[in-house]
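Beneath this line is the structure, given in structure tokens, with notes to follow.
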Amino acid sequence: MRVRQALGAEAGMEGMTLCGWVRTKRDSKGFSFLEVNDGSCLKNIQVIVDADVPGYELMPEINTGASVKVVGNLVESPGKGQTWEVQATVIELIGAADPETFPLQKKRHSDEFLRSIAHLRPRSNKYGAITRIRSELSYAIHAFFRDRGFYYIHSPIITGSDCEGAGEMFTVSGFDFANLPRKNGQVDFSQDFFGKRASLTVSGQLSAENMATALGDVYTFGPTFRAENSNTPRHAAEFWMLEPEMAFADLSDDMDLGEECIKYLINHVREHCKDDLDLFGRFVDKSLFATLDSIVDNDFVRLPYGEAIEILKKATQKFEYPVEFGLDLQTEHERYLTEIHFKKPVAVFDYPKEIKAFYMRMNDDNRTVAAVDILVPRIGELIGGSQREERLDVLDARIKELGLNIDEYWWYRDLRKFGTVPHAGFGMGFERMLMLVTGVTNIRDVISFPRTVSHLEF
RNA sequence: UCCCCGGUGGCUCAAUCGGCAGAGCGGGUGACUGUUAAUCACUAGGUUGUAGGUUCAAGUCCUAUCCGGGGAGCCA
């Protein structure tokens with residue numbers, strides 16, 4: 001039986017067995033209290049071990065961090081603070097934890113220290129809670145899209161395409177690095193495993209677009225990799241991204257989907273992770289629930305980029321970076337829009353073509369493209385999406401205009417040659433969604449084993 | 001990559017003008033027949049990130065370097 005089930009019991013029971021890790025022990029003369037946690041929920045269960053219980057002689061070794069097996073009876077607790085407790089009939093020490101070297105105390109630790117013991121931090125309340133919420137949020141993504149008839153597709157992790165167009169890539173190679181084959185001074189990738197240079201994917205979008213032209217509505221949800229030297233609390237070299245793609249859909253459909261998705265995910269974890277989420281509302285961000293309520297209860301603002309520029313120009317606040325049509329919005333501008341001007345999520349759309357990718361659909365004005373960024377308070381850009389350019393001639397013109405090698409895009413162009421359809425999609429950073437939901441401010445704390453610049457431990 | 005702040009016991013921090021390195025928690029030992037961050041008593045624990053330098057004297061000042069945090073850029 002797991003702690004979660006025991007604590008939710010309707011009636012007492014005899015002869016139950018629980019396994020878990022000791023969070024704390026309180027000794028008295030003749031008996032001990034153990035707080036046992038098994039990871040199934042935030043709460044511990046209190047176990048009373050009397051001196052005559054078999055195994056009591058090992059109590060000096062049953063310390064914080066030790067794993068134990070408890071056989072006993074679930075009874076109503078006479079003490080305050082818990083409904084149920086376990087009166088042990090047998091206590092078994094499975095694995096001891098030396099109290100002099102076990103690093104987790106029952107008192108609160110700093111996030112920085114816990115990052116240095118990432119292998120043990122899931123045994124703390126906060127990181128156990130994050131891990132459970134992360135699991136539930138993943139499930140919610142599948143539930144949301146499945147309900148709407150989307151198919152979950154698996155885009156490749158290894159890609160031979162250097163045209164995904166979303167940042168620096170990690171090279172994947174089978175070469176012996178001490179002895180790289182070279183040709184004309186350059187590394188000769190034709191001799192490598194794939195016969196060409198291979199990389200870790202930065203986005204599943206092109207695959208998703210491909211599959212949408214056959215299955216209609218699809219989504220990818222998996223790891224992506226960026227070799228960018230960004231050192232911030234919002235970036236990791238390996239992170240998970242959700243990328244839906246809809247056939248026969250335009251930018252307006254895309255914004256609808258993004259808004260609906262964000263609200264659904266928040267509602268889902270609020271309903272299914274109450275205890276865990278409550279910890280964040282109390283200790284991590286006191287305004288968390290007010291923030292989440294305001295996101296769920298209000299319509300997102302839909303703001304053309306041109307109007308966003310006008311609002312920023314009229315702002316009394318001084319910005320460090322210039323505001324001008326044609327320039328990208330900086331962090332300070334995004335925060336002004338979401339946190340000061342509108343005080344809620346803002347979907348900025350129709351960006352100048354110069355600052356957006358080649359595959360985004362050209363608008364009739366010929367100077368903007370059908371792109372959207374959904375900005376949320378504190379996090380900034382949570383979703384980046386667009387309607388894709390489905391007209392072959394326009395796509396080709398953009399590829400040439402940007403000086404890209406058109407031959408590389410042969411299969412992507414084929415999708416426009418054969419039964420092309422308007423389609424749209426977006427990418428959502430999964431960790432950023434988790435940060436929004438929990439109020440956690442550092443991405444390293446919503447990934448169990450974060451990979452960031454010069455950090456590859458655990 | 002750039003800018004700012006920090007690094008003192010296992011953890012979280014203090015140490016005034018450059019003048020005896022301290023506390024709480026955690027650990028150990030003991031007390032306690034229902035505890036709840038248990039309580040009470042006693043106790044151990046330090047080359048102040050590292051390498052140089054200035055000084056009668058450096059945790060404190062200077063130089064370099066490493067690590068951590070925050071902000072920015074890049075982006076999700």
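Below, read A as the first sequence line, B as the second, and so on, with proteins coming before strands; counting in each chain starts at 1. All values below were derived from every heavy atom in this structure, side-chain atoms included, with hydrogens, water molecules and symmetry-related copies excluded.
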* Step by step, work out the side chain to side chain contact (heavy atoms under 4.5 Å, CB included) result for A:Phe300 and A:Asp256. => CA-CA 10 Å; A:Phe300 292 7; A:Asp256 289 345; over 6 Å; no
* When you look at A:Arg444 and A:Asp111, which way does the salt bridge (charged side-chain N to carboxylate O under 4.0 Å, His left out) test go after all the steps? -> CA-CA 9 Å; A:Arg444 296 172 183 89; A:Asp111 291 332; over 6 Å; no
* To do: Answer with yes or no whether A:Glu320 presents, from its side chain, a donor or acceptor under 3.5 Å of a partner atom in the base of B:G73.
  => no
* Structure fact -> Taken to the nearest whole Å, NZ/A:Lys356 to P/B:C74 is 11 Å
* **Candidate nucleotides B:U35, B:G69, B:U12, ranked by approach to the side chain of A:Phe113 - the nearest** => B:U12
* Output yes when A:Glu431 and A:Arg234 qualify as a salt bridge under the 4.0 Å nitrogen-oxygen rule, no when they do not. => no
* Return the nearest nucleotide to the side chain of A:His455; candidates are B:U35, B:G68, B:C11. => B:G68
* Considering only atom P, compute the distance from B:G7 to B:A15 and round it to an integer number of Å. => 10 Å
* Structure fact -> Rounded to whole Å, the CD-P distance (A:Glu334 to B:G71) equals 14 Å
* Asked: B:U65 and B:G9: how far apart are their P atoms, nearest whole angstrom?
  -> 24 Å
* Structure fact -> Contact string for nucleotides 24-31 of chain B, one letter per nucleotide 5' to 3', B = base within protein heavy-atom range under 4.0 Å, S = sugar-phosphate only, - = neither, reads -SSSS---
* To do: Using the salt bridge (charged side-chain N to carboxylate O under 4.0 Å, His left out) rule, take A:Arg388 and A:Glu245 through it: C-alpha gap first, then chi angles, then the decisive distance, then the call.
  => CA-CA 10 Å; A:Arg388 322 305 188 185; A:Glu245 192 73 31; 2.8 Å; yes
* NZ or CZ of A:Arg367 within 45° of A:Phe325 ring axis and under 6.0 Å -> yes
* To do: Whole angstrom is fine here: how far is it from OH in A:Tyr351 over to P in B:C75?
  => 12 Å
* **A:Asp373 vs A:Lys356, salt bridge (charged side-chain N to carboxylate O under 4.0 Å, His left out): CA-CA, chis, key distance, verdict** => CA-CA 11 Å; A:Asp373 284 352; A:Lys356 288 294 178 183; 3.4 Å; yes
* Looking at every strand, decide which applies to A:Gln82 at a 4.0 Å heavy-atom threshold: base, sugar-phosphate, or nothing. => base
* Asked: If the P atom of B:G49 is compared with that of B:U60, how far apart are they to the nearest Å?
  -> 8 Å
* Rounded to the nearest Å, what distance is computed from the CD atom of residue A:Glu112 to the P atom of nucleotide B:G6? -> 15 Å
* The side chain of A:Asn229 lies closest to which of these nucleotides: B:C74, B:G73, B:U1? -> B:U1
* P atom, B:C75 versus B:G68: distance in rounded Å? -> 25 Å
* For B:C17, does the O4'-C1'-N9-C4 (purine) or O4'-C1'-N1-C2 (pyrimidine) torsion place it in syn, i.e. within 90° of 0, or in anti? -> syn
* B:C74 P sits how many Å from A:Ile355 CD1, rounded? -> 10 Å
* To do: Please state the C1' separation for the pair B:G26 and B:G10 - nearest whole angstrom.
  => 7 Å
* Assign each of A:Glu381 and A:Asn442 to its nearest nucleotide of RNA chain B by heavy atoms, then name whichever residue's nucleotide is nearer the 5' end. => A:Asn442
* Between A:Asn210 and A:Ser207, do the side chains contain an N or O donor and an N or O acceptor separated by less than 3.5 Å? -> no
* Asked: Touch check for A:Arg115, heavy atoms < 4.0 angstrom, all strands: base, sugar-phosphate only, or nothing?
  -> sugar-phosphate
* Mark yes or no for a side-chain to base donor-acceptor pair under 3.5 Å between A:Glu35 and B:U35, with no hydrogen or angle criteria applied. => no
* May I ask you to say what A:Gly30 touches in the nucleic acid, namely base, sugar-phosphate or nothing, with a heavy-atom cut-off under 4.0 Å? => nothing
* **Any A:Lys344 side-chain heavy atom under 4.5 Å of A:Val301 side chain** => yes
* So does A:Glu390 pair up with A:Arg361, basic N to acidic O under 4.0 Å? -> yes
* Structure fact -> Rounded to whole Å, the NZ-P distance (A:Lys25 to B:U39) equals 16 Å
* CZ of A:Arg4: more than 12 outside heavy atoms within 6.0 angstrom? -> no
* N-O pairing of A:Glu136 and A:Arg132 below 4.0 Å -> no
* Please check if any side-chain donor atom of A:Glu209 sits under 3.5 Å from a side-chain acceptor atom of A:Tyr359, or the reverse. => no
* Asked: Distance between the C1' atoms of B:C56 and B:C13, in whole angstroms?
  -> 32 Å
* **Within 45° cone and under 6.0 Å: A:Arg148 NZ/CZ vs A:Phe144 ring** => yes
* Asked: OP1 or OP2 of B:G34 less than 4.0 angstrom from a side-chain nitrogen or oxygen of A:Gln46, does that happen here?
  -> no
* **Distance, C1' atom - from B:A44 to B:A51, rounded to whole angstrom** => 32 Å
* Length of the line joining A:His333:NE2 and B:A72:P, which is rounded to integer Å -> 12 Å
* Asked: Does the side chain of A:Ser77 get closer than 4.0 angstrom to OP1 or OP2 of B:G34 through an N or O atom?
  -> no
* Asked: Can you tell me how far C1' in B:G46 sits from the matching atom in B:C11, rounded to whole Å?
  -> 15 Å
* **Atom pair distance, as rounded to whole Å: CD in A:Gln87 and C1' in B:U35** => 13 Å
* Asked: Within the pair A:Ser110 and B:U12, is there a side-chain N or O less than 4.0 Å away from OP1 or OP2?
  -> yes
* Structure fact -> Residues in residues 230-247 of chain A with a heavy atom under 4.0 Å of RNA chain B, by number, are A:Ser230, A:Asn231, A:Thr232, A:Pro233, A:Arg234, A:His235, A:Ala236, A:Phe239, A:Met241
* For RNA chain B, what are the stems built from at least three Watson-Crick or G-U pairs in a row, each pair having both distances below 3.5 Å? -> B:1-7 with B:66-72, B:10-13 with B:22-25, B:27-31 with B:39-43, B:49-53 with B:61-65
* Asked: Looking at A:Ala9 and A:Trp84, what are the two nearest heavy atoms and their distance?
  -> O-NE1, 3.2 Å
